[in-house]
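Only one structure is covered here, and it is reproduced in the block below.
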Amino acid sequence: MFCGLPIYFELLDRGYRVHLASYSVTEISLIQQVVQLTDSLIGVTADSVCDLAYFPEGYLVRWFREQLSQEVTIWCFEKTGVRPLIDNYRALIEHLKIDAILLVDGGVDSLLRGDEAQMGTILEDAISLIAVSELKKVSVRLMACLGLGAEQDIHYAHVFENIAKLTELNAFQGSCSLHKQMEPYGHYEAAVAYVQSQPRQDPSVINSSVISAVQGHYGNYHLTDKTRGSRLWISPLMSIYWFFEITAVARRNLLFPNLRYTDTRTEAYRGLVQARRGLALRKPAKIPLP
């Protein structure tokens, strides 16, 4: 959600009608004063309240109201399996008359196929990827990754190998970088800083790393106390968006058959484990840079 904000503001500036959505980490049944679209899809506004301490969507819409005088709704999908998520997407597409979807991944684990030596946090990304790939009535379906290098439980040689194959298949749609002079980036940085400064909010390692890279930091730099004691490698790669055509990425995902017909996140996790057991995993590899 946050990693998509620079694109959101840029599209607004260009005159497009744009909406924000989140495959939410918040238990949506505990959020009150919402727009209830389905049992597992709600719209959060600046008037919504939540009994849980961690509520990034709520703080973000309040930032829009307080700092930009804008009333924004963030649509929150409950963490389900693939089939309910498809149904919820279809309900939202009909409700908002959506004609294009851009999935934004904070990090690059959505590019993993399932046979890599390390998997990062692929489950949620794979569920979203498979669901959107099935929305064939929406002609424009793209995926963007931001924060390359911020995840430490991935072999990046495998990521680059996957990007190379997607490029061969004409699925790579290009890249662009964030920089400090961009007004959309300034809004993004301000929004992240606002939400992360709120009581009991858990700072995002990905967003903090992206901001650190755009600010020009390098190496073991820590924007927040959350990562102190660990070793980071902030680099200019983290400020780059990488864009891909979704259906090609989904076709190469080896978890697809095991996840496609799941209803719950637990079923999806079991499907992931089962799929991994039947795969010949790629051996760890180093990137041959001098």
Side-chain angles (χ1 to χ4, degrees), residues 1-8 10-11 16-24 41 75-77 79-94 96-116 119-148 151 154 158-176 206 240-262 265 268 271-272 275:
M1 176 178 62
F2 285 90
C3 285
L5 286 177
I7 298 175
Y8 170 84
E10 178 65 24
L11 291 175
Y16 291 94
R17 185 167 58 92
V18 194
H19 304 278
L20 292 169
S22 169
Y23 190 49
S24 182
L41 171 59
W75 298 94
C76 296
F77 297 101
K79 283 191 179 297
T80 65
V82 171
R83 286 199 291 196
L85 187 57
I86 291 174
D87 291 339
N88 282 333
Y89 264 111
R90 285 173 175 160
L92 191 60
I93 289 166
E94 177 63 25
L96 299 176
K97 308 304 179 187
I98 291 171
D99 57 10
I101 297 175
L102 175 65
L103 282 182
V104 182
D105 179 14
V108 294
D109 42 17
S110 58
L111 296 175
L112 302 181
R113 302 182 64 213
D115 62 348
E116 291 81 7
M119 293 295 294
T121 54
I122 190 177
L123 183 59
E124 285 78 11
D125 296 292
I127 291 172
S128 294
L129 171 67
I130 293 168
V132 174
S133 74
E134 294 291 276
L135 302 172
K136 296 178 173 59
K137 290 186 178 180
V138 180
S139 58
V140 178
R141 286 164 292 156
L142 300 173
M143 183 178 78
C145 297
L146 178 68
L148 175 64
E151 296 152 309
I154 290 176
H158 291 161
V159 173
F160 288 126
E161 182 181 3
N162 293 348
I163 292 175
K165 185 61 179 180
L166 290 167
T167 302
E168 180 184 354
L169 297 172
N170 298 322
F172 175 52
Q173 303 293 297
S175 60
C176 64
I206 300 292
I240 300 174
Y241 277 112
W242 303 73
F243 295 92
F244 302 89
E245 193 275 319
I246 276 181
T247 56
V249 180
R251 281 196 300 268
R252 298 194 72 245
N253 190 300
L254 300 173
L255 307 178
F256 193 112
N258 294 77
L259 300 188
R260 169 61 181 85
Y261 297 100
T262 57
R265 188 181 181 280
L272 183 153

Would you say that [X] contacts [Y] through its side chain, given a criterion of any heavy-atom pair below 4.5 Å between the two side chains?
X: Arg265; Y: Leu123; value: yes
X: Ile163; Y: Phe244; value: yes
X: Leu272; Y: Asn258; value: no
X: Ile7; Y: Phe243; value: yes
X: Leu148; Y: Phe160; value: yes
X: Leu166; Y: Leu111; value: yes

Is it the case that the side chain of [X] and the backbone of [Y] share a donor-acceptor pair, with hydrogens and angles ignored and the cut-off at 3.5 Å?
X: Asp109; Y: Gly120; result: no
X: Tyr8; Y: Phe2; result: no
X: Ser133; Y: Thr247; result: no
X: Arg113; Y: Arg252; result: yes
X: Arg17; Y: Leu96; result: yes
X: Glu134; Y: Val132; result: no

Checklist entry - Excluding sequence neighbours, so at least two apart, what forms ring pair (Phe, Tyr, Trp, His ring centres under 6.0 Å) with Tyr261? => result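 If we apply the ring pair (Phe, Tyr, Trp, His ring centres under 6.0 Å) test to Tyr261, skipping adjacent residues, there are no hits.
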Next on the checklist: Consider side-chain contact (heavy atoms from CB on, under 4.5 Å). Of Leu255, Ile127, Ile130, which one does Arg260 pass it with?
Outcome noted: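 For Arg260, the side-chain contact (heavy atoms from CB on, under 4.5 Å) check succeeds only for Ile130.
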Next on the checklist: Measuring from atom CG of Leu11 to atom NE2 of His19, what distance do you get when rounded to the nearest 0.5 angstrom?
Outcome noted: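 Leu11 atom CG to His19 atom NE2 measures 11.5 Å (nearest 0.5 Å).
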Checklist entry - To the nearest 0.5 Å, what is the distance between CD1 (Ile154) and CG (Leu112)? => result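 The CD1 atom of Ile154 sits 5.0 Å away from the CG atom of Leu112.
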Minimum heavy-atom distance [X]-[Y], with the two atoms named:
X: Ser175; Y: Ile240; answer: CB-CG2, 3.8 Å
X: Asn253; Y: Ala126; answer: ND2-CB, 4.2 Å
X: Ile98; Y: Ile101; answer: CG2-CG1, 4.1 Å
X: Ala144; Y: Tyr241; answer: CB-CD2, 4.1 Å
X: Gly107; Y: Glu151; answer: CA-OE1, 3.3 Å
X: Gly114; Y: Ile122; answer: N-CD1, 4.4 Å

Checklist entry - Are there more than 12 heavy atoms of other residues, nucleotides or ligands under 6.0 Å from atom CD of Gln173? => result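 For Gln173, atom CD is crowded (more than 12 foreign heavy atoms under 6.0 Å).
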Item to check | Step-by-step side chain to side chain contact (heavy atoms under 4.5 Å, CB included) determination, Ile206 to Cys3 | outcome: CA-CA 8 Å; Ile206 300 292; Cys3 285; 4.0 Å; yes
Checklist entry - For Cys145 and Val108, what are the C-alpha separation, side-chain angles and deciding distance, and is it a side chain to side chain contact (heavy atoms under 4.5 Å, CB included)? => result CA-CA 6 Å; Cys145 297; Val108 294; 3.9 Å; yes
Item to check | side chain to side chain contact (heavy atoms under 4.5 Å, CB included) between Leu103 and Asp125, intermediate numbers included | outcome: CA-CA 9 Å; Leu103 282 182; Asp125 296 292; over 6 Å; no
Item to check | Arg141: partners by salt bridge (charged side-chain N to carboxylate O under 4.0 Å, His left out), with sequence neighbours left out | outcome: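 Salt bridge (charged side-chain N to carboxylate O under 4.0 Å, His left out) list for Arg141, sorted by chain: empty.
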Next on the checklist: I'd like to know whether Leu169 forms a side chain to side chain contact (heavy atoms under 4.5 Å, CB included) with Arg251, so could you lay out the CA-CA distance, the side-chain angles of the two residues, the decisive distance to 0.1 Å, and finally the verdict.
Outcome noted: CA-CA 11 Å; Leu169 297 172; Arg251 281 196 300 268; over 6 Å; no
